[in-house]
Amino acid sequence: MKVAVLGARGRMGAEACRAVEAADGLDLVAGLDVDDQLADLRAAGAEVVIDFTHPDAVLDNLRFCIENGINAVVGTTGFTPERLDQVRGWLADAPKVGVLIAPNFSVGAVLMMRFAEQAARFFPSVEVIELHHPRKADAPSGTAARTAELISAARQQAGLGEVPDATTQEVAGARGARVADVPVHSVRLSGLVAHQEVLFGGEDETLTLRHDSMARTSFMPGVVLGARMVGERPGLTVGLEHYLDLD
Ligand SMILES: NC(=O)C1=CN([C@@H]2O[C@H](COP(=O)(O)OP(=O)(O)OC[C@H]3O[C@@H](n4cnc5c(N)ncnc54)[C@H](O)[C@@H]3O)[C@@H](O)[C@H]2O)C=CC1
Ligand SMILES: O=C(O)C1=N[C@H](C(=O)O)C[C@H](O)C1
């Protein structure tokens, strides 16, 4: 299968190029970055594109892929519900194309999100803390936003009200940001790669879920799986969990 990587000179793109080159049955036909032309994807005959670029660039890239019949595996963050609807609209005119958008490709992070979703209904209090390297472009992380949305949906289904909090913020941001009504805190610290804690609190007990990516190789089994499977899954899939057998 002919695979191209967008963002090939970046931290994740470079790792993805190495992973594709090492994977049986995958052939790296192009590694493009910001100075290259998307038309090079066509010239290289790419069947699958892996995108690790920037939230400002990823939609144009995806549109090009979909309009040119190229399947896409997307790790780039910044996908709001509105942006996902845009992608669905383009895919409506290209019913054979598959797109996988995964906020996190590491199996441990996917499981953390699933466990958080399962735990959510049992605890009135919840906070998400994501911790990343200081060169990360965005906050909160895509993983934290997705985790908060999953928790929020589970809380609503269970009839839980607002997260209890009597604190008045003396300084704006002291209590983090609210994503789907869940408090989310973003830490940027040299030495870190990608980490997240989900803290739940109930009567006289707490539960902490923590995931750590120690290196970007942790994302690669998920990226390779995505590249292998995306052509068999037409339409939009959000989340690697749909390619894994978690149940
Ligand atoms: N889903 C996941 O598991 C993961 C997702 N990410 C996300 O991936 C994205 C990239 O992260 P990093 O690799 O750390 O960033 P980075 O800044 O190291 O790399 C991004 C690369 O994309 C290039 N680029 C920017 N615009 C481009 C365009 N229009 N066409 C081609 N190349 C372009 C840049 O020149 C740079 O080389 C971020 O959104 C990050 O949050 C990062 C790690 C894991
Ligand atoms: O920028 C990163 O590094 C990461 N980005 C993704 C995110 O925003 O969730 C995935 C992982 O946390 C690493």
Side-chain angles (χ1 to χ4, degrees), residues 4-19 30-41 44 46 49-65 72-80 83 99-113 116 128-150 177 179 184-198 210-227 230 237-244:
V5 173
L6 290 177
R9 288 202 301 271
R11 288 176 287 271
M12 282 297 289
E15 198 67 59
C17 288
R18 283 189 284 275
L32 307 183
D33 209 276
V34 72
D35 298 326
D36 301 304
Q37 303 298 316
L38 286 172
D40 294 349
L41 296 173
V49 159
I50 297 171
D51 189 302
F52 284 106
T53 58
H54 190 280
D56 293 343
V58 64
L59 275 190
D60 287 345
N61 297 342
L62 251 182
R63 184 173 193 165
F64 179 92
C65 289
V73 172
V74 180
T76 307
T77 45
F79 280 91
T80 58
R83 283 174 158 228
V99 172
L100 168 64
I101 297 176
N104 201 307
F105 279 101
S106 93
V107 171
V110 170
L111 289 172
M112 172 191 57
M113 287 187 264
V128 177
I129 307 172
E130 55 98 337
L131 310 92
H132 283 84
H133 59 94
R135 286 186 289 170
K136 181 165 175 54
D138 54 334
S141 70
T143 308
R146 175 86 173 144
T147 308
E149 281 157 11
L150 293 170
V179 179
V184 176
H185 310 267
S186 297
V187 176
R188 297 291 174 264
L189 201 69
S190 293
L192 296 182
V193 178
H195 317 259
Q196 180 166 293
E197 286 190 359
V198 186
R210 180 171 173 116
H211 176 259
D212 298 278
S213 273
M214 310 298 194
R216 291 179 178 82
T217 42
S218 63
F219 303 109
M220 293 306 131
V223 172
V224 168
L225 178 73
V230 67
T237 303
V238 180
L240 185 69
E241 61 273 23
H242 300 291
Y243 283 22
L244 300 170

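As the structure lists them, so they are numbered: ligands from 1, and atoms in each ligand from 1.
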Distance col, row Arg18:CZ vs Thr217:OG1, nearest 0.5 angstrom, shows 9.5 Å

Residues in side chain to side chain donor-acceptor pair (under 3.5 Å) with Arg63, at least two apart? Glu67

Any idea which residues sit under 4.0 Å from ligand 2, heavy-atom distances? Thr77, Pro103, Asn104, His132, His133, Lys136, Ser141, Gly142, Thr143, Ala194, Phe219

For residues 184-197, which residue pairs pass the salt bridge (Lys or Arg N to Asp or Glu O under 4.0 Å) check, not counting sequence neighbours? Glu130-Arg188, Glu197-Arg210

I want to check something: taking the side chain as every heavy atom from C-beta on, are Phe219 and Glu15 in contact at a cut-off of under 4.5 Å? no

Just so I know, are the side chains of Asn61 and Thr76 near enough to count as touching, which here means a heavy-atom distance under 4.5 Å? no

Per side-chain contact (heavy atoms from CB on, under 4.5 Å), Ile101 is matched among Val73, Val74, Asp51, Val58 by Val74

Got a donor-acceptor contact below 3.5 angstrom from the Asp212 side chain to the Met214 backbone? no

Note, Leu240 side chain near Asn104 side chain (heavy atom, < 4.5 Å): no

Report yes if some heavy atom in the side chain of Pro103 is under 4.5 Å from a heavy atom in the side chain of Thr77; otherwise report no. no

Are any protein N/O atoms closer than 3.5 Å to the N/O atoms of ligand 1? If there are, list each pair with names and the distance to one decimal place.
from, atom 1, to, atom 2, distance (Å)
ligand 1, 1 (N), Gly75, O, 3.1
ligand 1, 1 (N), Ala102, O, 2.9
ligand 1, 1 (N), Pro103, O, 3.1
ligand 1, 3 (O), Phe105, N, 2.8
ligand 1, 13 (O), Arg11, N, 3.4
ligand 1, 13 (O), Met12, N, 2.8
ligand 1, 14 (O), Arg11, NE, 3.0
ligand 1, 14 (O), Arg11, NH2, 3.4
ligand 1, 18 (O), Arg11, N, 2.9
ligand 1, 18 (O), Arg11, NE, 3.4
ligand 1, 18 (O), Arg11, NH2, 3.4
ligand 1, 32 (N), Val34, N, 3.4
ligand 1, 35 (O), Asp33, OD1, 2.5
ligand 1, 37 (O), Gly10, N, 3.2
ligand 1, 37 (O), Asp33, OD1, 3.3
ligand 1, 37 (O), Asp33, OD2, 2.8
ligand 1, 39 (O), Thr77, N, 3.1
ligand 1, 39 (O), Thr77, OG1, 2.8
ligand 1, 41 (O), Thr77, OG1, 3.2
ligand 1, 41 (O), Lys136, NZ, 3.0

